[in-house]
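All figures in this text were calculated on a predicted structure; none of them were measured in a lab.
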Amino acid sequence: MIYVENEYARLQKVVLAASEFGYPEKVRTDDLRFLAPEAVTDNENSKGKDFREVHPELQQRWEQERNALEQVLLKYGVEVLRPRMLTSAEKQAGGEDGYANFFVRDPFFTVGNCVIEGSMRFLHRRGEVLPVRNIMQAAVYPEDCYYVATPRPEIAQPDDPSLGPGPFLEGGDVIVMGNTVLVGNSGLASNALGVQWLKKFLGKQGYTVEMVRLHPNILHLDCALGLIRKGLMVVCPDAFPDGVPAVLHDWEKIPVTLEEASILATNGLPVSSEVYITDPVFSGVGERIAAHGVQVQYIDFRISRSFGGSFRCSTQPLLRKDD
C-alpha cells in the first residue's frame, strides 16, 4: 500500500537517503546562503571533488548517522528502503554542476496515494531522483496509486541567478495535513509555477494546495516548521513573512529562533504521534516536546545537518497511516 495521511501518522514504510555528494565546480554563493559559513568555505575549497575524497573520516561518520537512523526506525517496526548509489555515468553526466544523492525528501514526495517526482532547482540535484527509480519499480509500480512527475524545468541562461522559471517543486517544501497541502517558497527551491502545477494535479484529487512564503535564508518549509502530532508543532515564527499559515493558528507552538531553524531545529521526524526523532543539540526543544507526552529519540546528525538537511530531509515516506 502507498499512502501518506499526514506528517505524524504512524510511519510504516520509508525511503532513507544515501550519502553521496559531488561539489560543483562553479560555486553559486548566493544559493548557499542557507548554509553555515564554514560549509560555504568548504564548497569553495573543494570544487569539482567528491566529498568522500575530501573528507574520508566525515564520510564515514555521515554514513553511520544514516545507519543509526535506520536502526531506530527498524526498532519501531518501520520498513526501510535504501536508494542505490549513483553510477559513474550519472556522476559524469553532472559535469561541472556536480551531483547529489543525499536528501531523498526532495526529489520526490508522497501525498495521499500520489507519488510525485519533483523538479529540483539546484543544478547538482537535477538527477537526484535517478537512484530512487529502482524503488519506484519495486515498491510503487505494483501498488494501486498514482505515480507522476513534475514537468522538467526549463534550461536557464548561464548568467541567470534564478536558474529559470522552473517549474521547481521539492519535497522539503511539501507539508501534508490530510486534504490540505502546504508548499513553501523562499526563492531557493520550490516556486510559484511549481505550486501552480501541484494545484492543478492535486486539486482533481480533492486537495487544497497553499503556497507559503518563507524567509529568503530558509531552504525549505520543513526547515521552518515541523508537525509533531495533531495540534502540536515546532515552528520558527520569524521564518514566515506573512505569518504562520492560518490552518495552523490553533495549534500549540514550540517556537525556535531563526538561528535555531538555520541549523535544522524543526527538521525532526515523527515516527508516530507518540515518538519523535531529533538531534541531541536540540535537547531543549526535545524536552519541550517530551513535556507533551511524546517520547523523544536522539541521534547525532551533525554531518547530515552540515549539508542543510536533517531527519525529515533524509527520509521520504511511502506509507504513513494510522490503522
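Separating the OG atom in Ser186 from the CD1 atom in Ile218 is a distance of 8.0 Å, to the nearest 0.5 Å. For the atom pair CD of Glu5 and CG of Asp322, the computed distance is 5.5 Å after rounding to the nearest 0.5 Å. Rounded to the nearest 0.5 Å, atoms CG (Leu73) and NZ (Lys13) are 14.5 Å apart. Atom OG1 of Thr315 is separated from atom CG of Leu81 by 12.0 Å, given to the nearest 0.5 angstrom. Note that OG1 of Thr150 and CZ of Phe109 are 5.0 Å apart. Values are rounded to the nearest 0.5 Å.
In this structure, Phe21 has its ring center no closer than 6.0 Å to that of Trp62.
Of all non-hydrogen atoms in Val111 and Tyr207, the two that sit nearest each other are CG1-CE2, 3.6 Å. Residues Cys223 and Thr266 share a closest heavy-atom pair of C-OG1, 3.1 Å. Nearest heavy atoms, Val294 versus Ile228: CG2-CG2, 4.2 Å.
The environment of Arg33 atom CZ is dense: over 12 non-hydrogen atoms of other residues, nucleotides or ligands sit within 6.0 angstrom. Heavy atoms of other residues, nucleotides or ligands lying less than 6.0 angstrom from CD of Glu44 number more than 12. When the shell of 6.0 Å around OH of Tyr76 is examined, it contains more than 12 heavy atoms from other residues, nucleotides or ligands. For Asp160, the CG atom sits in a packed shell: over 12 heavy atoms of surrounding residues, nucleotides or ligands are nearer than 6.0 Å. The number of heavy atoms from other shown groups lying within 6.0 Å of NZ (Lys75) is above 12. With a 6.0 Å radius and a threshold of 12 heavy atoms from other residues, nucleotides or ligands, Arg152 has its CZ atom at or below the threshold. Lys49 NZ: 12 or fewer foreign heavy atoms inside a 6.0 Å radius. The environment of Asp242 atom CG is dense: over 12 non-hydrogen atoms of other residues, nucleotides or ligands sit within 6.0 angstrom.
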Q: Give the intermediate values and the outcome of side chain to side chain contact (heavy atoms under 4.5 Å, CB included) for residues Cys114 and Gln205.
A: CA-CA 9 Å; Cys114 302; Gln205 319 302 324; 4.2 Å; yes
Q: Go through the steps to decide whether Ile254 and Leu232 satisfy the test side chain to side chain contact (heavy atoms under 4.5 Å, CB included), and finish with yes or no.
A: CA-CA 8 Å; Ile254 297 175; Leu232 178 67; 4.0 Å; yes
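Grouping the Ile, Leu, Val, Met, Phe, Trp and Tyr side chains by contacts below 4.5 angstrom, directly or via other members, places Leu198 apart from Phe168.
For the residue pair Arg66 / Ser314, a side-chain donor-acceptor distance below 3.5 Å is found, with atom types taken as modelled. Thr257 and Glu259 share no side-chain donor-acceptor pair at under 3.5 Å. Between the side chains of Asn267 and Asp222, at least one donor N or O lies within less than 3.5 Å of an accepting N or O. Between Asp42 and Tyr23, the side chains place a donor N or O and an acceptor N or O closer than 3.5 Å (distance only, hydrogens not considered). Looking only at atom types and distance, the side chain of Tyr99 has no donor-acceptor partner in the side chain of Gln92 under 3.5 Å away.
Of the possible donor and acceptor atoms, none in the side chain of Gln71 sits under 3.5 Å from a partner among the backbone N and O of Ala68. A side-chain donor-acceptor contact under 3.5 Å links Asn185 to the backbone of Gly187. Between the side chain of Glu65 and the main chain of Arg302, a donor-acceptor pair closer than 3.5 Å is present. In terms of modelled atom types and a separation under 3.5 Å, the side chain of Gln60 and the main chain of Glu57 share no donor-acceptor contact. With hydrogens and angles ignored, the 3.5 Å screen pairs a side-chain donor or acceptor of Gln12 with a backbone N or O of Lys321. The backbone N or O of Ser119 lies less than 3.5 Å from no partner atom in the side chain of Arg126, so there is not a single donor-acceptor pair.
No side-chain heavy atom of Arg10 sits less than 4.5 Å from a side-chain heavy atom of Leu319.
Here the rule is salt bridge (Lys or Arg N to Asp or Glu O under 4.0 Å) with Glu7, and of Arg229, Arg312, Arg320 only Arg312 fits it.
Using the six-membered ring where Trp is involved, His55 and Phe51 have ring planes that are tilted, between 30° and 60° apart. The aromatic rings of Phe311 and Phe301 sit parallel, their planes meeting at an angle under 30°, below the 60° perpendicular limit.
Each side-chain hydrogen bond (donor to acceptor under 3.5 Å, both in side chains) pair with one or both residues in residues 168-179, not counting sequence neighbours, appears once here: Glu170-His220, Asp173-Ser190. Among residue pairs with one or both ends in residues 238-265, none qualify as ring-ring contact (aromatic ring centres under 6.0 Å, His included); sequence neighbours excluded.
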